[in-house]
Amino acid sequence: MSELVQFSDTGGVAVITINNPPVNALSPGVPEGILEAILRIDANETIQSAVIIGGGSTFIAGADIKEFGKLTSGIRERGAGMLPMLLRIEDCRKPVVMAIHGNAFGGGLEVAMAGHYRVAAPDARIGQPEVKLGIIPGAGGTQRLPRLAGVVKAVEMCAEGNPISAGQGLEFGIIDRLIEGDLLAGALAFAREVAGKPAPKTRERNQKLGTPEQHAALFAAARETAKKKQRNLKAPLAAIDAIEAAVKLRFDKGCEVEQKLFAECLFSDQSKALIHVFFGEREVAKIPDVPKETQVIPVKSAAVVGAGTMGGGIAMVLANAGIPVAIKEADQAALDRGVATIQKNYSSSVKRGRFTQQFADECLSRIKPTLSFDSFSTVDLVIEAVFEGMALKKQVFADLDRVCKQGAILASNTSTLSIDEIASNTARPEFVIGMHFFSPANIMRLLEVVRGKATSKEVIATCIQLSKKLGKVAVLVGNCMGFVGNRMFGPYRREAQFLIEEGASVEAVDNALYEFGMAMGPLATGDLAGLDVGWRIRKEYRHLQKPGVRQPLVEDRLCELGRYGQKTGAGWYKYDENRRAVSDPEVAALARKWAAEAGIAQHPMSSQEIVDRCVYALVNEGARILEEGFALRSADIDIIYLNGYGFPAYRGGPMWYADAVGLRKVYERISEFCKQHGEAWTPAPLLKQLAEQGKTFAEFSRDKGATA
């Protein structure tokens, strides 16, 4: 037997236990161990039935995702995969009962569905989340699931990839019984009940499949939904095609279709990018000089300074995580407005079914509005979220330093300002850190954790760990202007504005980037955030601009006209009372006029030029950030852009995208732009070096030991 799979005989019922911690992934050795145990059961006349169960905290949480990389790189041949082993489970002469606790995801659910029966703990979850990695089930999942759950549920689970509860699994016929109390004891009792009875093979259950004609409209509607909700993604459509094959073809032929579609997806750029994202989200939590065992500071209570959009959202995030939070404003009117917005947001979440009324009420009870610092003396963490101005922030931190207890973490939600300068107004710079949430803070997953030169390792470790409790993906970044995300966003939006000045329409720029996969175009994004935010920052830093280097002019002039975006009903676009955007010919006319006055020549341009100018501006600045050490790894930059800026996950993030295009090609294109548009396009030294060496940003990250 494989050491990853244990076998025992409990008086006529065999127990096969999978022990491959931490999640019992189907790594090499696990399928082989299961197969050996099944053959043993079949050959032993004293065994009447069997239970397959996961050791530890879960059943089989899925495939070993590292193995996919070995397949695509040619290190390992796929061969027949798990299909023969699953067929052998089904063909076992003794009933095999799958006992599910924790998660049965992906290959784990495929194994479970090959059993003759499935029992589960009430809090177990099951699902086929493969589409989130750009692939589809590859071991008969798209063929067995519709036979158990019906075609409608199978399409939903395989195309969307979201898990369902064991209770829902019971309702849809995937689970045969929920086991209260001890799962193994309940599974053994169930196995004794079914011993000696015919063992139903999932692949032969055709009652729920219906006919192609019955489901034609369903498949057509599912494809339309996938194209809208999962824009540009190939795997959801492949999953629907595979389930349609289950309806149209015999099981073995359906499996052949599934295998072909699985291979096409696995070797696609989308899957490689999404697998990079999967590992990247886990890698960002590893900080080379902050060991795992670093002591963390317990955060049992918190406070927020500022009840505006960001402050209110941050207070909600803390309250949602069960942390009591005081929220302070300078005057009653501002405090009342902030509290009203928080109440409205909770009410909206209840209406949409995101929260129950009870949960919303509990969260609201944790938020304590205040006009004074009195309650700040006992809290473990304070997050400042006031207006983005250095003088104001320094004053707030001087006040916090005075009133907060020793050992309290003082965090700033600044999006651009120096954490070191803010910390200089305190006597405890080692406890000062940046916690840059993204708007709306109660929705967006990203949290940039900004390390000051004096910030202690304990404070960093605490913020990284706390982010998980808050439901955020935290990425540690260095203290430079704009940190990582906004520092890169500057050149990206700079190019979008230059393109307008050079003759592109607002719609053409936004549409090109939207078709590339961005959640929104750069100009629509500016209107949503408020053009005045960037205008204010540019004015604060104007003294740092290099003389003679071209700067965008249209957006600042729109701000001078009071066109701040959605909040004022006009920015790059006009907005109706529901904040729906409509084209504004006045902006096009003004842009032409101002460009002519500045002597800027206009020319027609393709969507590809628009995409290259904007995306390669991101990449070039990202290369500088990586070389300067303000990001630990290229993957950190990618995770920031996917979770905070709407970069398409199926392209892996800006740095992964550049690696996929090829850094030599990217470097050559940026060099062209430098000749055409001047100094702002000077290629980053790291990009030039890697392009000449034939290397990638990912290799540079590994070489410098960022993943240690």
Side-chain angles (χ1 to χ4, degrees), residues 38 42 49 52 80-98 100 104 106-120 126-128 130-131 136-160 164 166 168-177 190 193-194 196-223 236-262:
I38 292 294
D42 240 356
S49 56
I52 296 183
M82 286 207 310
L83 267 174
M85 184 268 284
L86 300 187
L87 290 170
R88 192 64 191 79
I89 293 174
E90 270 185 327
D91 289 340
C92 182
R93 293 179 299 119
K94 325 287 177 65
V96 177
V97 178
M98 301 288 177
I100 302 167
L109 182 55
E110 289 180 299
V111 170
M113 291 191 294
H116 304 112
Y117 301 97
R118 284 148 296 282
V119 300
I126 60 176
Q128 299 281 189
E130 287 90 342
V131 290
I136 67 168
T142 63
Q143 306 304 297
R144 288 190 177 91
L145 188 56
R147 286 172 161 84
L148 291 174
V151 175
V152 174
K153 196 64 186 173
V155 165
E156 180 191 311
M157 288 176 68
C158 292
E160 294 178 13
I164 63 171
Q168 290 170 301
L170 180 69
E171 179 188 340
F172 287 103
I174 307 167
I175 303 294
D176 296 295
R177 185 180 295 175
F190 186 95
E193 275 178 48
V194 298
K197 294 179 183 174
K201 296 179 184 179
T202 302
R203 69 176 186 261
E204 292 175 359
R205 297 186 185 188
N206 298 326
Q207 308 92 309
K208 292 186 177 181
L209 290 181
T211 66
E213 295 73 27
Q214 285 173 323
H215 293 303
L218 162 71
F219 288 123
R223 288 185 177 101
L237 296 171
I240 295 165
D241 289 348
I243 293 169
E244 189 170 34
V247 174
K248 289 181 171 177
L249 305 171
R250 291 196 328 255
F251 179 83
D252 57 336
K253 294 296 178 187
C255 285
E256 287 175 16
V257 171
E258 181 193 78
Q259 287 287 293
K260 179 174 176 292
L261 291 166
F262 171 83

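Values below: every heavy atom of this structure, side chains too, minus hydrogens, waters and symmetry copies. Counting from 1, the numbers follow the sequence of the chain as shown.
Note: I164 CD1 to K153 NZ = 5.5 Å, rounded to the nearest 0.5 Å. For the atom pair CD1 (I174) and CD1 (I126), the distance works out to 4.0 Å, reported to the nearest 0.5 Å. Note: M98 CE to D176 CG = 11.5 Å, rounded to the nearest 0.5 Å. Distance CZ/F219 to NZ/K248: 8.0 Å, rounded to 0.5 Å. Taking CZ of F251 as the reference point, atom CZ of R205 lies at 12.5 Å (rounded to 0.5 Å). Interatomic distance, CG of L148 versus CD of Q207, reported as 10.0 Å (0.5 Å rounding).
In this structure, the side chain of H116 does not engage the main chain of P200 through any donor-acceptor pair within 3.5 Å. In terms of modelled atom types and a separation under 3.5 Å, the side chain of Q143 and the main chain of G140 share no donor-acceptor contact. Judged by distance alone, the side chain of E258 and the main-chain N or O of A242 form no donor-acceptor pair under 3.5 Å. At least one donor-acceptor pair under 3.5 Å links the side chain of E110 to the backbone N or O of G141. Without hydrogens or angle criteria, R147 side chain to R203 main chain gives a donor-acceptor distance under 3.5 Å. Side chain of E90 to main chain of T202: a donor-acceptor pair is present (N/O by atom type, distance under 3.5 Å, no hydrogens or angles). Remark: side-chain polar atoms of Q259 are paired, donor with acceptor, to backbone N or O of G138 under 3.5 angstrom.
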* Between I240 and I243, is a side chain to side chain contact (heavy atoms under 4.5 Å, CB included) present by the stated rule, with each step listed? -> CA-CA 5 Å; I240 295 165; I243 293 169; 5.9 Å; no
* Asked: V155 and H215: side chain to side chain contact (heavy atoms under 4.5 Å, CB included), yes or no, with the steps?
  -> CA-CA 11 Å; V155 165; H215 293 303; over 6 Å; no
* Before giving the answer on side chain to side chain contact (heavy atoms under 4.5 Å, CB included), spell out for E256 and L83 the whole-Å C-alpha distance, their side-chain angles and the decisive distance to 0.1 Å. => CA-CA 10 Å; E256 287 175 16; L83 267 174; over 6 Å; no
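What you find for L145 and C158 is that their closest heavy atoms are CD2-SG, 3.8 Å.
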